[in-house]
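Chain identifiers are assigned alphabetically (A, B, ...) following the order of the sequence lines, protein sequences preceding nucleic acid strands; residue numbering begins at 1 within each chain.
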Protein chains: 2
Amino acid sequence: MLYPIRAVAKLTGLSIDTLRAWERRYGAVEPQRDDRGRLYSESDVRRLHLLRTAVERGHAIGRLAGLSDGQLKDLLSYTATVNEGREALAAGVAPTPRRAVRPALIQGVMASIERFDYAAADRELARLGALLSPRELVHQVAQPLMLHIGDEWHAGRLGIAQEHMGSSLLRNLLGALVRLYVRNDPPATLLLTTPSDERHEFGILLAAMLAAGGGLGIVYLGTDLPAEEIVKAAGRTSAGAVVLGMTGSEEAKKSMGCFAQVVRELPESTELWVGGLKSEELAKEVKKTRALVIEDFPALEKHLIRLGAQF
Amino acid sequence: MLYPIRAVAKLTGLSIDTLRAWERRYGAVEPQRDDRGRLYSESDVRRLHLLRTAVERGHAIGRLAGLSDGQLKDLLSYTATVNEGREALAAGVAPTPRRAVRPALIQGVMASIERFDYAAADRELARLGALLSPRELVHQVAQPLMLHIGDEWHAGRLGIAQEHMGSSLLRNLLGALVRLYVRNDPPATLLLTTPSDERHEFGILLAAMLAAGGGLGIVYLGTDLPAEEIVKAAGRTSAGAVVLGMTGSEEAKKSMGCFAQVVRELPESTELWVGGLKSEELAKEVKKTRALVIEDFPALEKHLIRLGAQF
DNA sequence: AGATGCTTGACAAACCATAGACAGAGGAAT
DNA sequence: ATTCCTCTGTCTATGGTTTGTCAAGCATCT
């Protein structure tokens with residue numbers, strides 16, 4: 001997926017002039033060209049976003065431009081804070097293979113989880129988080145990992161404790177990464193939450209990751225929020241869309257009640273997206289309303305792009 | 001990582017003029033230079049933060065500048081205890097630390113949360129997370145913030161949505177920070193979780209933060225884990241202690257059942273700590289067993305130190 | 001013709017640095 | 001109490017650099 005300069009400007013919040021100047025003067029990114037003009041890759045956009053955030057925090061673009069993506073992430077994350085005797089640890093880490101074997105991305109993590117080795121699993125996940133884009137992380141790590149853990153559990157090869165450990169690790173990583181991409185003057189803002197009695201958080205967390213990674217603003221409200229509150233919050237944040245995670249695996253009726261109320265009270269100008277639906281039945285119910293059913297993550301991405309390019 | 005003066009000003013809250021004056025007049029810090037200007041190291045930033053807090057407590061920068069980092073820390077912890085003692089004395093015989101910490105640090109965050117400004121709140125929290133030690137963060141930010149949000153909610157000045165937003169922000173920050181402190185050759189390992197039907201995560205998350213910050217290993221298993229699994233996981237990870245978060249605010253009976261089973265099945269060699277207890281009744285039940293009741297975070301820290309943590 | 005994009009050059013605003021000045025706070029001495 | 005005096009945050013003046021934005025001129029496509 002390649003983006004023309006105009007789209008990148010909206011996506012990153014940088015002016016077209018600035019984009020060109022950064023390229024000309026510092027070689028901050030070097031997008032492809034075709035006869036029509038510049039074409040930025042996804043990783044270009046990601047890098048520009050990191051640069052912009054760093055600049056906002058007081059760093060000079062002239063100095064930043066030479067840094068690698070990894071260094072930029074380090075600069076923005078809190079590694080900056082702690083690392084007393086951490087250099088030694090970093091020095092012992094093996095150089096990361098640039099092109100990891102794709103199907104085996106998860107294997108290291110899974111092996112560590114099986115061994116109950118929290119530290120190792122976290123290291124492995126952190127490595128992936130630093131290496132991959134939000135999209136790749138969601139599609140190639142987070143989703144497969146949760147699926148695989150679920151399978152292994154059903155097959156009796158993993159305990160609930162390990163399932164919990166995997167979830168917590170991933171939860172923490174995603175939370176950390178989402179924070180890395182939060183920006184303050186986005187083209188549009190998404191409000192993410194789940195209705196009353198719906199406690200599955202992963203869907204909206206992944207959605208938040210994708211949205212933030214794509215340059216949209218997010219307001220993340222966690223799980224189990226009553227309808228009035230959702231509506232009120234949507235108004236206060238002037239959200240472009242409300243994203244509800246609804247698996248409906250337990251207490252589906254109550255959640256549906258809450259959902260129905262949101263449909264009634266949310267102003268027409270705010271879009272309402274629902275994802276995570278597992279039962280056909282529930283999906284049918286939702287489709288009767290004006291709400292948009294998000295089938296999967298590619299579908300979510302389409303709508304995100306629509307919302308980002310819209311304003 | 002190095003920070004230009006502008007970034008340091010934002011990070012520490014000191015004006016650029018002040019930074020230069022402190023350097024010129026007192027040599028408070030002596031950052032590197034390159035042809036573009038000053039470049040502060042992370043330890044410079046930390047030192048400046050210490051200086052700033054000391055100045056806010058009434059010390060003179062002229063005297064502080066000569067002190068070493070260690071002396072500064074000593075000074076701060078000393079005056080902190082003195083002030084607390086004085087305040088407690090003045091307020092009668094109220095040793096309750098509930099309101100002791102003034103919310104100066106969290107005011108910015110609170111204001112942003114009230115405005116539903118997710119990005120700003122996150123930025124502010126990130127700033128605090130970057131400057132404070134895990135201990136300070138837990139004691140001066142996380143706890144006060146949750147308390148304050150709770151109070152404001154009871155007073156009707158905050159909605160549930162805002163409460164959720166605050167929790168999510170803090171949850172993400174803590175998760176991110178815990179990951180930073182995870183190490184692989186700890187003197188002892190803690191297993192943290194909550195028993196069945198206990199969904200309050202914050203207690204064990206803060207505990208994980210303190211433990212990891214103190215150099216202990218952690219295995220974080222999240223909430224709502226059955227007894228067999230807790231016991232099994234404790235065995236597999238050869239944990240030095242199992243830390244259970246039990247508020248017992250809902251489904252207390254089921255949680256107690258799970259707890260009782262853990263007491264029976266967990267080998268004597270593994271310590272069992274229980275924190276977060278809100279009702280006296282529950283605490284009494286727990287005290288009948290061999291489990292250790294953790295009253296508050298200072299108590300937790302004592303036990304962490306006993307197990308090998310260093311603050 | 002009207003968009004859109006590219007390059008180049010120019011320029012004002014913002015930044016950073018140094019050195020010195022100034023004013024208010026507070027301590028010490030009279 | 002009053003008068004110094006020191007301390008300290010902020011401001012000014014001056015000079016060099018960096019950086020965002022604009023304009024002019026050209027090319028391409030609809």
Identify which nucleotide among C:dC6, D:dC22, C:dT8 has an atom closest to any side-chain atom of A:Asp17, counting heavy atoms from C-beta outward. D:dC22
Here the distance between atom P of D:dT18 and atom CG of A:Leu64, to the nearest Å, is 14 Å
When the distance from CD1 of B:Ile16 to P of C:dA17 is rounded to whole Å, what number comes out? 8 Å
Whole Å only: how far is the CD atom of A:Glu56 from the P atom of D:dT19? 15 Å
Could you please spell out the steps behind the side chain to side chain contact (heavy atoms under 4.5 Å, CB included) verdict for A:Arg290 and A:Leu266? CA-CA 11 Å; A:Arg290 77 179 180 87; A:Leu266 192 70; 3.7 Å; yes
Between A:Arg36 (CZ) and D:dT30 (C1'), how many Å, whole number? 10 Å
Distance in angstrom units between B:His59 NE2 and D:dC7 P, rounded: 18 Å
Starting the side chain at C-beta, find the nucleotide from D:dT10, D:dT19, C:dT7 nearest to B:Ala21. D:dT10
Among C:dC6, C:dA17, C:dG9, the one nearest B:Arg38 by side-chain distance: C:dA17
Can you check the A:Glu23 CD to C:dC6 C1' distance for me, whole Å? 10 Å
Which nucleotide, C:dT8, D:dG9, D:dT8, lies nearest any side-chain atom of B:Val55? D:dG9
What is the separation between atom CZ on A:Arg33 and atom P on D:dA27, rounded to the nearest whole Å? 17 Å
Is A:Thr18 close enough to D:dT19 that one of its side-chain N or O atoms is under 4.0 Å from OP1 or OP2 there? no
Under 4.0 Å between a Lys/Arg side-chain N and an Asp/Glu carboxylate O for B:Arg20 and B:Glu23? no
Between CZ of A:Arg24 and C1' of C:dG5 the distance, given in whole Å, is 14 Å
For D:dT8 and B:Tyr26 - does any side-chain N or O of the residue sit under 4.0 Å from the phosphate oxygens OP1/OP2? yes
Picking from D:dT10, D:dT21, C:dT18, the nucleotide nearest the side-chain atoms of A:Ser15 would be D:dT21
Look at all strands and tell whether B:Arg63 reaches a base, only sugar-phosphate, or nothing, counting heavy atoms closer than 4.0 Å. nothing
For a quick check under 3.5 Å, do A:His49 and A:Arg46 share a side-chain donor-acceptor pair by atom type? no
Minimum-distance nucleotide (side-chain atoms of A:Arg25 versus C:dA17, C:dC6, D:dG20): D:dG20
D:dC29, D:dT10, D:dG20: which one has an atom nearest the side-chain heavy atoms of A:Trp22? D:dG20
Which distance, rounded to the nearest 0.5 Å, do you find between the CG of A:Leu128 and the CD of A:Glu136? 10.5 Å
Approximate separation, where rounding is to 0.5 Å, of A:Asp69 CG and A:Arg47 CZ: 5.0 Å
Taking the side chain of B:Ile61 as its heavy atoms from C-beta onward, which of D:dG9, C:dG5, C:dA17 lies nearest to it? D:dG9
Just checking B:Arg115: does its CZ atom have more than 12 heavy atoms from other residues, nucleotides or ligands closer to it than 6.0 angstrom? yes
With sugar-phosphate meaning primed atoms plus P, OP1 and OP2, does A:Arg6 contact a base, only sugar-phosphate, or nothing at under 4.0 Å between heavy atoms? sugar-phosphate
Toward the 5' end of DNA chain D, which comes first, A:Asp35 or B:Gly62, by nearest nucleotide? B:Gly62
Select base, sugar-phosphate, or nothing to describe what B:Arg20 touches, counting heavy atoms under 4.0 Å on all strands. base
